[in-house]
Amino acid sequence: MKINVNRIPDEGLHLNFFKDREWLSQQLPSNDPLPFSSTVVQVTCTLKRARRNVIVDGLISTSLIMACSRCLEAVTFPVECYFRYVITPYHQIVIHSEELELSSEDLDVTYYDGETIDLETLIYEQLILEAPMRVLCRDDCQGICPTCGKNRNIEPCSCSKEKVDERFAILKKLKVVK
């Protein structure tokens, strides 16, 4: 969703819109799939102008569908995140030659070029940031047996629980002499 900065009224622009299930997967090239999908994405936000800058405050609500890190079963992870951006024109960037340390406020600043702001990019970025690195279907997930491949949450396997590194198996034959 592209917004023309010049058309944002002085009192602000309030938006409430939805993105369908396929929207998230369409944000990346087809050869680079995401490790998760989503349900319908609901976005509520307000855009306010402050001279040439635009302040965006909003809420994203959806559920991410991911694979459990242990058993690979589908897990639905609810997401409700608030976000705030200060979007400034690209030509106002001042480049310093010395090294600078970024503060937490600097991380909420992004830039637009021309007269339009692409909200979809900001929403996509927030969903990526909200996605956990690892998710479990439940706290006591047993995972997949590395030997036989059975999902141990569904049926137990009779494989040995002892992990043996084959590289060191020869050391078991050695005798310790005192």
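- Linking ILVMFWY side-chain heavy atoms closer than 4.5 Å, directly or via other members, places Ile123 and Met1 in a single hydrophobic cluster.
- Applying the salt bridge (charged side-chain N to carboxylate O under 4.0 Å, His left out) test to residues at least two apart or on different chains, the pairs with a partner in residues 55-78 are Asp57-Arg84.
- In this structure Glu115 satisfies the salt bridge (Lys or Arg N to Asp or Glu O under 4.0 Å) test together with Arg52, sequence neighbours excluded.
- Remark: Arg51 pairs with no residue by the salt bridge (Lys or Arg N to Asp or Glu O under 4.0 Å) rule, at least two apart or across chains.
- Applying the salt bridge (charged side-chain N to carboxylate O under 4.0 Å, His left out) test to residues at least two apart or on different chains, the pairs with a partner in residues 1-17 are Lys2-Asp118, Asp10-Arg49.
- Residues satisfying the side chain to side chain donor-acceptor pair (under 3.5 Å) criterion with Thr46, sequence neighbours excluded, are His14.
- Side-chain contact between Ile55 and Leu47 is absent, with no heavy atoms from C-beta onward closer than 4.5 Å.
- Counting only residues at least two apart or in different chains, salt bridge (charged side-chain N to carboxylate O under 4.0 Å, His left out) contacts with residues 146-158 comprise Lys150-Glu155.
- By the side-chain contact (heavy atoms from CB on, under 4.5 Å) test, Val75 is found to be paired with Cys68, Val135, Cys137, residues two or more places apart in sequence or in another chain being considered.
- For the residue pair Ala67 and Leu72, the shortest heavy atom distance occurs at CB-O, 4.1 Å.
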Can Glu120 and Lys19 be said to form a side chain to side chain contact (heavy atoms under 4.5 Å, CB included), step by step? CA-CA 9 Å; Glu120 289 186 4; Lys19 293 293 177 183; 2.5 Å; yes
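- Qualifying side-chain contact (heavy atoms from CB on, under 4.5 Å) partners for Ala74, counting only residues two or more places apart in sequence or in other chains: Ile65.
- For Asp139, the side chain to side chain donor-acceptor pair (under 3.5 Å) test picks out no residue, with sequence neighbours left out.
- From Asn16, atom CG reaches atom SG of Cys45 across 8.5 Å, with rounding to the nearest 0.5 Å.
- No option in Thr39, Thr44, Val40 other than Thr44 meets the side chain to side chain contact (heavy atoms under 4.5 Å, CB included) test with Gln42.
- One hydrophobic cluster, built from ILVMFWY side chains closer than 4.5 Å, holds both Leu15 and Leu127.
- To the nearest 0.5 Å, atoms SG (Cys157) and CG (Asn151) are separated by 10.0 Å.
- The shortest side-chain heavy-atom distance between Phe83 and Ile60 falls under the 4.5 Å cut-off.
- Take Ser69 and apply the side chain to side chain donor-acceptor pair (under 3.5 Å) test, not counting sequence neighbours, and it matches no residue.
- The minimum heavy-atom distance between Trp23 and Tyr124, with the atom names listed, is CH2-N, 3.8 Å.
- If you chain together hydrophobic residues whose side chains sit under 4.5 Å apart, Ile128 and Val79 fall into the same group.
- With sequence neighbours left out, the side chain to side chain donor-acceptor pair (under 3.5 Å) criterion links Arg138 to Asp140, Asn153.
- Clustering ILVMFWY residues whenever any of their side-chain heavy atoms sit less than 4.5 angstrom apart, transitively, puts Ile117 in the very cluster that holds Phe17.
- No side-chain heavy atom of Leu59 sits under 4.5 Å from any side-chain heavy atom of Val43.
- Between Ser63 and Thr76, the side chains place no donor N or O within less than 3.5 Å of an acceptor N or O (distance only, hydrogens not considered).
- Note that CZ of Phe77 is 13.5 Å distant from OG of Ser38, once rounded to the nearest 0.5 Å.
- By the side-chain contact (heavy atoms from CB on, under 4.5 Å) test, Leu129 is found to be paired with Glu125, Gln126, residues two or more places apart in sequence or in another chain being considered.
- Considering CG of Leu136 and CE of Met66, their distance stands at 10.5 Å, rounded to 0.5 Å.
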